[in-house]
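Please read the structure below before turning to the comments.
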Amino acid sequence: MIGGGIAGLSAAANLAERGFSVKLFEKCSYLGGKLGSWTFESNGETLRTEHGFHAFFRQYYNLLSFMQKIGSAQYLIPIDDYLILYADGSRQSFKNIDNTPFFNVLSMANLGVVRYRDMLLNRYDLRLLDLFRYDERNTFRNYDNMPLSEFIRLTRVPPKMQRVFASFARAFFAEPHQMSTAELIKSFHFYFLSNDQGLLYDVLNDDFQFSFIQPVMKFLREHHAEIYLNSEVENILYQDGKFNICNEWFDYCVLAADVKHVPIIISKSPSLHQFKDFYSKAMSLKTSARYALWRVWTDRFENGAYPYFVFTDRFRCLDSISFYHRFEQSSVEWSKKNGGGIFELHSYALPENLAREREIKNAFLDELFHYLPELKGFKIVHEYFQIKDDFTAYHTSLYGQRPETRTEIPGLFLAGDWVKTSHPFMLMEAAYTTGALAANYIMKNEGLCENQLFAVPERGLLA
């Protein structure tokens, strides 16, 4: 396995459990990828931080089943609401929305997101119904080249629905003018229109290292998998049907690095360049825009009740706020001891004109104080700032070139949220499930029964 994120851990765990000899190579000093966690020193304290807040939606059937198996699910707690804070001081709550597909859209009319009168007067373009017609082939043929901003313009949806669309786009690290409308339709289908799980979700109640990574490592070691941290794979040698990775030969290889590093590895692997379709698709992978995360340990709290995580109607860069002192156990303990809050500020698609760290932080603070004015003047006791550019791009015109789990190279399989699948998996569920699919292909090659996997319906209600 190359890569110790969710996808690589999935493939490794599924294979090791079935008796395969597994070796996993991870370039970082920690496992988990975007669920990774590490320590840092600040003002005499050793603290932990992560890549950022993650929501475990109840539609993540395969990932949640795995978490049940390894004992990680016991740390999941429900969030109170799916909440958007608007710049004018209003809020959009989805807490009481009907969970039943189609009726959930009617519920949105009760919230003012869409309007009954506009429906009755046929003021929305009929293309809006294509949200209910998800079908991989047709949806991507018709809409992958159309930016979401154009779909919003054509369908004439009201401002609140436009903001919901924009929030969805930024949750996939893209602005509406960048994001593929087909990917937006796919995400609405997966999260909202194909099942009765609703938009609410669960979160892990402690740092990922304790609530997810340690249970995974325990499971892998119990099944004799070998884990090599700080072991960057620079290239893959393919010869006589086998793979040489870090000077060892293997019968199979699962490439589960993040989308930024897959083309780098393949470009340095000339023995794979002869496979033209694979090479072309691997080299065409793109990353999203930059994203920024700033976690601050402070000397005061917000007023009022909020869920653990809220979306915001950004001015320049602030897309969401996470309230770690409300749910993560180690943060709760720090907060009680020190009498302050721990807030994480996210910008999922960092504007290009924000380049310098100080400038980004100032923009974060300006918007934070707009939404939570009681925090103005707080003292930052500790902080951890990150700018990343390693998330999968869901931009227009990329889907057709995405590689699939099974490649034209015998024994080489791909896993990650950047991999194309016939089922509409998204984000962490896509990462986990493609890893499990890679393991299933290997099991099938060896004459073994494949592990059962689950998915939301492949097609929309009106498809």
Side-chain angles (χ1 to χ4, degrees), residues 55 81-98 101-102 104-134 139 142-193 198-199 288-289 291 309-321 346-352 363 367 370-371 393-396 426 460:
D81 197 357
Y82 188 103
L83 183 66
I84 302 175
L85 303 181
Y86 292 132
D88 62 5
S90 62
R91 299 182 176 192
Q92 185 65 66
S93 167
F94 293 91
K95 181 176 183 177
N96 297 316
I97 197 167
D98 195 306
F102 185 75
N104 50 16
V105 175
L106 296 180
S107 293
M108 292 176 72
N110 295 331
L111 299 175
V113 177
V114 292
R115 296 189 283 249
Y116 283 123
R117 181 178 178 180
D118 289 345
M119 292 181 190
L120 293 173
L121 296 177
N122 200 27
R123 288 178 175 167
Y124 303 137
D125 188 274
L126 289 177
R127 275 170 284 203
L128 192 61
L129 291 175
D130 287 344
L131 289 171
F132 296 93
R133 295 190 179 112
Y134 177 76
T139 298
N142 296 331
Y143 285 111
D144 195 37
N145 295 331
M146 180 186 291
L148 175 59
S149 56
E150 178 67 5
F151 183 74
I152 291 171
R153 186 187 69 81
L154 291 172
T155 53
R156 303 189 295 274
V157 294
K160 282 193 174 182
M161 190 65 191
Q162 294 178 28
R163 289 164 168 170
V164 170
F165 279 145
S167 292
F168 255 77
R170 291 186 185 125
F172 292 93
F173 297 78
E175 292 286 4
H177 71 274
Q178 299 170 316
M179 185 165 184
S180 159
T181 295
E183 294 284 8
L184 185 283
I185 293 173
K186 177 183 175 183
S187 70
F188 260 64
H189 174 78
F190 176 76
Y191 286 105
F192 193 53
L193 299 176
L199 282 177
S288 69
Y291 59 99
F309 171 91
V310 297
F311 279 110
T312 58
D313 188 12
R314 69 144 72 175
F315 300 130
R316 291 187 72 193
C317 70
L318 181 64
D319 288 313
S320 67
I321 306 167
H346 297 236
S347 181
Y348 296 127
L350 191 63
E352 292 183 5
E367 294 180 61
H370 174 83
Y371 292 106
Y394 294 99
H395 297 172
T396 54
M426 301 299 292

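We count residues from 1, following the sequence as given. Scope of the values below: all heavy atoms of this structure, side chains included, with no hydrogens, waters or symmetry mates.
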>> Measuring only between side-chain heavy atoms, which start at C-beta, is Leu199 closer than 4.5 Å to Phe192?
In response: yes
> Counting N and O atoms only, with roles assigned by atom type, does the side chain of Gln178 sit under 3.5 Å from a partner on the main chain of Pro147, one being a donor and the other an acceptor?
Replying inline: no
> With ring centroids as reference points, do Tyr134 and Phe132 lie under 6.0 angstrom apart?
Replying inline: no
> Are Tyr394 and Phe173 an aromatic pair by the rule of ring centers under 6.0 Å?
Replying inline: no
> What distance separates Ile185 CD1 from Met146 CE, expressed to the nearest 0.5 Å?
Replying inline: 8.5 Å
>> Within this structure, what is the OG1-CG distance for the pair Thr312 and Leu85, rounded to the nearest 0.5 Å?
In response: 7.0 Å
>> Assess the residue pair Glu150 and Arg153 against the criterion (side-chain contact (heavy atoms from CB on, under 4.5 Å)); give the C-alpha distance rounded to whole Å, side-chain angles, the decisive distance to 0.1 Å, and a yes or no.
In response: CA-CA 5 Å; Glu150 178 67 5; Arg153 186 187 69 81; 2.6 Å; yes
> In terms of the angle between their ring planes, are His346 and Tyr348 parallel, tilted or perpendicular, with boundaries placed at 30° and 60°?
Replying inline: tilted
> Taking atom SG of Cys317 and atom OH of Tyr291, what is their separation to the nearest 0.5 Å?
Replying inline: 15.5 Å
> Using 30° and 60° as the class limits, which term best fits the ring planes of Phe315 and Tyr371: parallel, tilted or perpendicular?
Replying inline: parallel
> Between NZ of Lys186 and CG of Leu131, what distance do you get to the nearest 0.5 Å?
Replying inline: 15.5 Å
>> Quick check: do Thr396 and Asn145 have side-chain heavy atoms less than 4.5 Å from each other?
In response: no
> Has the side chain of Asp81 got a donor or acceptor atom that lies under 3.5 Å from a matching backbone atom of Lys95?
Replying inline: yes
> Roughly how far, to the nearest 0.5 Å, is OG of Ser347 from CG of Asp319?
Replying inline: 5.0 Å
>> Please determine whether a side-chain nitrogen of the Lys or Arg among Arg127 and Asp130 lies less than 4.0 Å from a carboxylate oxygen of the Asp or Glu.
In response: no
> If you draw the axis of the six-membered ring of Tyr86, does the NZ or CZ of Arg91 fall within 45° of it and under 6.0 Å from the ring centre?
Replying inline: no
> Leu148 and Phe165: which non-hydrogen atoms are nearest, and at how many Å?
Replying inline: CD2-O, 3.7 Å
> Do the side chain of Ser288 and the main chain of Ala174 share a donor and acceptor less than 3.5 angstrom apart?
Replying inline: no
>> Under a 4.0 Å threshold between the charged nitrogen and the carboxylate oxygen, would Glu175 count as salt-bridged to Arg170?
In response: yes
>> Strictly distance-based, threshold 3.5 Å: is any side-chain N or O of Asn104 a donor or acceptor partner for the main-chain N or O of Ile97?
In response: no
>> Please give me the minimum heavy-atom distance between Pro351 and Arg314, naming the atom from each residue.
In response: CG-NH1, 3.6 Å
> Quick one: does Ser320's side chain have a donor or acceptor within less than 3.5 Å of a partner on Phe311's backbone?
Replying inline: no
> Short question: side chain of Glu183, backbone of His395 - any donor-acceptor pair under 3.5 Å?
Replying inline: no
> So Ile84 and Val310, side-chain contact (heavy atoms from CB on, under 4.5 Å) or not? Walk me through it.
Replying inline: CA-CA 6 Å; Ile84 302 175; Val310 297; over 6 Å; no
> Does the pair Leu184 and Phe168 meet the rule for a side-chain contact (heavy atoms from CB on, under 4.5 Å), with working shown?
Replying inline: CA-CA 7 Å; Leu184 185 283; Phe168 255 77; 3.8 Å; yes
> Could you give the distance from NE2 (His189) to CE (Met426), rounded to the nearest 0.5 Å?
Replying inline: 11.0 Å
